[in-house]
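Remarks on the structure that follows.
Only heavy atoms go into these numbers, but all of them, side chains included; no hydrogens, no water, no symmetry mates. These numbers were taken from a predicted model, which means no experiment stands behind them.
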Amino acid sequence: MKKYISKIFLLGFILAATSCEDRLFVLDPNTLPPEVALGSINGFEALLLGAYNRVHDFRWYGQQAMIHPEVMADNIDFANRTGRYENEYVNAVRSHMDRWNVFGDIWGGINDANVIINRVGDVESPQSQKDRLIGQSLFIRALNYHELAKVYSYEPGQEVNGFNLSLPLKVTPTEGVSDAVQPQTRVTNTVLYDQMVGDLQEAVTLLSANDPGNFPYRANRDAAEALLARVLLYKGDFAAAAQAAQNVINRGRVTLLSGQNYLDSWGLVTHPESLFEAEIRPPDWTTVDGVNNSLHTLTMNIIPSSQFIIVASPELIASIDSESGDIRRQLFVNSASIPPGTQVCTKWRGELGDFREHIPIIRISEVYLIAAEGYFRSGNTQNALSIYNMFRSARNLPAMTQSGNFMEMIMKDRRVEFAFEGHRWFDLKRNGMDIPKTAASQQPTLSYNDFRILSFIPERELNLDDELVQNPGYN
């Protein structure tokens with residue numbers, strides 16, 4: 001039986017990780033029992049803020065979730081060889097996306113959400129306030145579970161040799177040792193996707209379409225429905241994905257940028273296309289954190305102390321250049337300090353200072369591309385072309401008039417649009433496609449049937465629970 005002691009998150013400790021204006025003022029929050037810490041709506045508000053705060057960990061969206069899927073496929077090469085990401089670059093065995101070990105953030109966020117969903121109803125507060133907390137918690141739980149599911153399991157309908165196990169599904173809170181010793185049986189991928197879809201559908205009904213406060217750093221209805229569209233696309237429910245994406249587009253809360261406005265958006269404090277964005281405040285990182293681990297330090301060399309490790313691969317640049325006039329080409333520039341022709345990605349500019357920047361996680365451009373793909377794959381070619389051409393116009397590309405190579409073009413545009421944003425590996429994987437590699441990696445294409453498509457569950461977890469099954473190929 002697994003002793004999930006390492007995943008028991010003392011609620012008082014979590015409450016300390018909140019924003020200054022919402023901080024719970026106590027002498028020693030670590031000593032607060034749950035019945036005191038969560039005795040009022042303020043405690044649940046603080047717990048939710050802590051769950052949001054987990055998302056920008058460097059091992060998650062703060063860095064690795066954006067870089068791993070690019071470097072493990074064909075979007076990234078190295079500017080400097082420091083040892084970082086080099087095993088992942090060649091897809092070495094057991095050098096994968098290790099999301100399981102970000103337990104204080106991903107699993108912790110799931111537990112934070114479970115506490116709120118299951119317990120906020122017990123406090124005295126207006127129902128609208130409790131609905132907002134529950135809706136955002138359902139969003140957080142689905143976001144966290146989807147990040148894990150993409151890494152550790154096949155998508156429904158894309159299983160290899162019938163292996164369909166996903167993750168242990170936990171929808172009740174872990175608040176003490178007695179809660180933590182339950183066996184961790186992996187549910188099937190279909191069961192987990194149904195749970196995520198159900199969570200997000202409920203979140204859409206509970207959350208307002210208006211600004212919930214601190215948008216886009218907190219989820220509203222559009223963020224929840226955009227994530228629902230993403231999850232449905234991965235699930236293979238294409239008509240429903242298109243409809244969810246279309247709903248977000250129709251509400252018009254966030255609009256697609258074009259031309260210079262799109263280029264300039266990458267230097268703004270808040271990305272105007274963001275439906276959900278990780279907020280990084282000065283107390284969240286020290287200067288040393290940023291110098292060593294931020295996306296800015298890894299991808300750009302405009303500050304002398306930058307690490308500057310990774311650049312765009314020639315293969316990515318060739319994909320952009322396959323259509324002349326693409327406005328996104330201007331986000332990649334020559335660097336004078338490395339061999340001529342090497343292209344630096346300028347998305348992560350550290351515009352907040354000290355290498356900090358808020359990190360877009362869901363943008364409206366993704367919603368347009370989900371709608372287009374969903375319509376096409378569910379047989380509605382007319383709507384697919386209409387939506388897709390709106391997106392192409394915004395990126396200074398000609399309209400498509402025929403749909404013969406529609407999916408090829410969608411995959412190309414997703415590759416270019418979300419370069420250095422952590423989509424490339426997963427777009428290939430969810431479609432059951434082989435993983436191409438860059439010429440510089442000197443590695444052959446990774447077959448979709450290769451066991452390295454999935455990450456491995458850490459051995460210490462398996463040693464603590466004989467009911468937890470390892471992924472194929474790692475035994």
### Summary
Sorted by chain and number, sequence neighbours left out, side chain to side chain donor-acceptor pair (under 3.5 Å) with Thr185 holds for Glu467

#### Entry: ring pair (Phe, Tyr, Trp, His ring centres under 6.0 Å) partners for Phe238, two or more places apart
none

### Query
Could Arg328 and Asp413 be called an ion pair, given the rule that one side-chain N must be under 4.0 Å from one carboxylate O?
yes

#### Entry: Heavy-atom donor-acceptor pair, Ser306 side chain to Ile303 backbone, under 3.5 Å
yes

### Query
With sequence neighbours excluded, what pairs up with Ala372 under the side chain to side chain contact (heavy atoms under 4.5 Å, CB included) test?
Ile387, Tyr388, Phe406, Ile410

### Summary
Applying side chain to side chain donor-acceptor pair (under 3.5 Å) to Asp264 and not counting sequence neighbours gives Gln260

#### Entry: Expected output: side-chain Ser166 to main-chain Val187 donor-acceptor under 3.5 Å
no

### Task
Please answer whether the main-chain N or O of Tyr234 pairs with a side-chain N or O of Glu155 as donor and acceptor at a distance below 3.5 Å.
no

### Query
Without hydrogens or angle criteria, can the side chains of Arg415 and Asn75 be said to hold a donor-acceptor pair below 3.5 Å?
yes

### Task
Give the minimum heavy-atom separation between Ile280 and Arg356, together with the two atoms involved.
O-NH1, 2.6 Å

### Query
Just by modelled atom types, is the Ala92 backbone N or O under 3.5 Å from a matching donor or acceptor in the Asn87 side chain?
no

### Task
Would you please name every residue forming a side chain to side chain donor-acceptor pair (under 3.5 Å) with Glu225, sequence neighbours left out?
Asn247, Arg251

#### Entry: Residues that Arg414 engages under salt bridge (charged side-chain N to carboxylate O under 4.0 Å, His left out), provided they are two or more places apart
Asp427

### Query
Do side-chain atoms of Arg221 reach the backbone of Leu207 as a donor and acceptor pair under 3.5 angstrom?
yes

### Task
Please say whether the positively charged group of Arg253, taken as NZ for Lys or CZ for Arg, lies over the ring of Phe215, i.e. under 6.0 angstrom from the six-membered ring centre and within 45 degrees of the axis.
yes

### Message
Tell me every residue that passes side chain to side chain contact (heavy atoms under 4.5 Å, CB included) with Pro360, counting only those two or more places apart in sequence or in another chain.
### Response
Trp266, His271, Ser274, Glu277, Trp348, Arg363

#### Entry: For Tyr193, all residues meeting ring pair (Phe, Tyr, Trp, His ring centres under 6.0 Å), sequence neighbours excluded
His146

### Lys235 with Asp194: basic N within carboxylate O range, under 4.0 Å
yes

## Note on the structure
With sequence neighbours left out, the residues meeting side chain to side chain donor-acceptor pair (under 3.5 Å) with Thr286 are Asp289

### Task
Can you sort out the partners of Ala65 under side chain to side chain contact (heavy atoms under 4.5 Å, CB included), two or more places apart, ordered by chain and number?
Trp60, Tyr61, Arg99, Glu147

### Query
Considering residues at least two apart in sequence or located in another chain, which fulfil the side chain to side chain contact (heavy atoms under 4.5 Å, CB included) criterion with Tyr448?
Tyr154, Gln158, Val160, Lys429, Asp434, Ile453

#### Entry: Residues in ring pair (Phe, Tyr, Trp, His ring centres under 6.0 Å) contact with Phe391, at least two apart in sequence or another chain
none

### Query
Taking Gln470 for the side chain and Ile457 for the main chain, is one N or O donor matched with an acceptor at less than 3.5 Å?
yes

### Query
Any cation-pi pair here, Arg218 with Tyr52, using under 6.0 Å and within 45°?
yes

### Query
Is Glu357 salt-bridged to Lys347, going by a charged N under 4.0 Å from an acidic O?
no

